[in-house]
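The chains referred to below are lettered A, B, ... by the order of the sequence lines, with proteins before strands, and numbering in each begins at 1.
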There are 2 protein chains.
Amino acid sequence: MSHSKMGEHQIYQILRNAIFNAELPPGTQLVESSLAEGFGVSRTPIRAVLSRLKYESLVRIIPNRGAFVYCPTPEEAEQIFFVRQMLEPEATYLAALNASSSDLESMNFFLDKEEQYYKQNQPHLALQAIHSFHFAVIEACKNPYLIQYLQEILSLTHIILTFYDVSESNTTDSNHEHRDLYDAIYQRDATRAKQLANEHIPSIVKDIDFTKKLNHSLSIDQIITRYTPK
Amino acid sequence: MSHSKMGEHQIYQILRNAIFNAELPPGTQLVESSLAEGFGVSRTPIRAVLSRLKYESLVRIIPNRGAFVYCPTPEEAEQIFFVRQMLEPEATYLAALNASSSDLESMNFFLDKEEQYYKQNQPHLALQAIHSFHFAVIEACKNPYLIQYLQEILSLTHIILTFYDVSESNTTDSNHEHRDLYDAIYQRDATRAKQLANEHIPSIVKDIDFTKKLNHSLSIDQIITRYTPK
DNA sequence: TGTACAATCATTGTATACAATCAACCCTAG
DNA sequence: CTAGGGTTGATTGTATACAATGATTGTACA
């Protein structure tokens with residue numbers, strides 16, 4: 001199956017999203033020639049995209065063997081959440097000081113989305129909204145290096161939450177914690193925002209059930225077709 | 001000037017070192033074809049190396065324009081040191097808990113080097129020894145994600161210290177602070193190690209003179225020749 | 001003289017052909 | 001039936017040719 005030609009950035013976005021939402025199951029091999037054919041380009045830009053995903057820890061590249069979708073072990077998950085716990089409270093502190101009105105709007109938007117998806121019993125979409133909310137918060141901290149690292153760590157935690165079962169989590173609590181965090185930022189109460197962020201992360205981790213893996217898997221062609229406009 | 005063929009990893013190391021030590025002056029354009037000729041390979045592996053350096057913030061790539069050696073502004077320097085201040089004390093805490101005997105040996109080795117280079121009045125080499133010492137510390141924390149981010153941030157701070165003038169700093173104090181830090185880690189006193197690391201960073205920053213830029217610059221060919229074995 | 005515009009050139013971006021690598025398979029000898 | 005070793009095939013790694021981009025220079029015209 002061949003599609004219309006696509007730009008490198010677009011290809012990156014599609015693959016990133018697919019890994020992000022665990023539609024490409026962790027461990028899947030990404031073969032350059034197949035992707036090239038699917039996206040209607042040569043292997044050259046595909047290699048660039050895979051290389052970028054490697055630096056973001058979303059794929060692992062084994063020399064002369066190939067690229068494989070990142071597959072977090074529970075031990076790695078713990079290390080990832082540890083780093084998130086190190087970075088996010090401080091970034092939240094800065095966000096409370098520096099958030100622009102458009103940052104605040106963005107946070108609000110995704111909070112509403114989260115609530116809406118919970119009510120519609122679509123936890124998978126709610127998780128995406130939560131990710132976007134947290135992303136909006138860290139973007140507001142205005143330190144590009146901190147943003148870069150936290151964005152990466154946040155993506156990894158999102159993959160973990162999507163890949164492992166979190167159905168036991170209390171959705172109402174989750175939404176309330178996020179709203180409280182937003183309120184603290186909105187009121188420029190940086191200390192309180194930091195403390196809320198600090199307490200928030202353990203409440204995410206405790207609901208992960210590492211014994212149950214979920215399955216959202218799609219084929220490469222399904223993914224390409226879905227994201228291809230028209 | 002053409003040289004014997006070299007592997008991608010080796011090329012990466014050479015370019016990284018050259019940028020790291022400000023031998024390639026910040027702002028220098030790195031032209032793919034020149035590097036390819038210099039290293040005796042095609043543009044393909046050069047592009048891979050430049051792309052990697054880009055993800056490590058050591059070069060900036062402007063699309064359709066080229067790759068340029070990272071050129072830190074004082075404002076960026078502040079943001080970089082801020083992130084270092086966020087990460088390094090905690091990593092030092094973990095290092096005190098987890099350092100292996102070979103980690104400790106490594107730290108000790110570079111402490112001696114630092115002292116030795118100061119005595120020989122070679123501040124530039126002493127800076128490199130300090131970097132290696134700090135690197136040994138963070139490696140001991142055993143969290144691969146934290147190590148990755150701190151390694152990057154540490155490299156950026158090293159570039160800043162090499163690029164701007166720090167000749168006013170008190171070399172004896174510096175060495176003593178490092179030895180104290182090592183002692184705390186050696187004694188597994190994690191809390192003290194963390195505190196020392198916390199106090200150490202401001203004492204680095206205060207000696208930077210952003211008004212004076214130093215010049216260590218070499219041409220690409222000089223760099224290739226110097227690092228080429230034989 | 002200064003500005004708009006066209007041609008030129010250096011450089012990056014992409015496609016394709018070929019080389020190198022490694023795993024899996026099969027075949028043979030013990 | 002098993003262990004060793006060579007062969008094959010799928011995949012990545014590299015070189016090279018060509019296309020696209022955008023800055024620079026030169027030039028005509030106001």
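- For DNA chain C, the outermost nucleotides in 5' to 3' order that have an atom under 4.0 Å from a heavy atom of chain A are C/dT14 to C/dA23.
- Between B/Gly66 and A/Arg65, the residue whose closest nucleotide on DNA chain C is further toward the 5' end is B/Gly66.
- In this structure, the side chains of A/Ile185 and A/Thr92 come closer than 4.5 Å at one or more pairs of heavy atoms.
- Residues A/His131 and A/Ser155 are in side-chain contact: their nearest non-hydrogen atoms beyond the backbone lie under 4.5 Å apart.
- The backbone N or O of A/Glu23 sits nowhere less than 3.5 Å from a side-chain atom of A/Asn21 that would complete a donor-acceptor pair.
- Contact check for A/Leu156 versus A/Gln79: no side-chain heavy atoms found under the 4.5 Å cut-off.
- Here the shortest heavy-atom pairing between A/Ala22 and A/His216 reads O-CB, 3.6 Å.
- Using a 4.0 Å heavy-atom distance criterion, A/Arg43 is classed as a base contact.
- Position along DNA chain C of the nearest nucleotide to B/Gln29 versus B/Thr44 favours B/Gln29 as the more 5'-ward residue.
- The two residues A/Leu58 and A/Ile19 come nearest to each other via the heavy atoms O-CG2, 3.8 Å.
- Heavy atoms of B/Ile46 sit nowhere under 4.0 angstrom from any nucleic acid atom.
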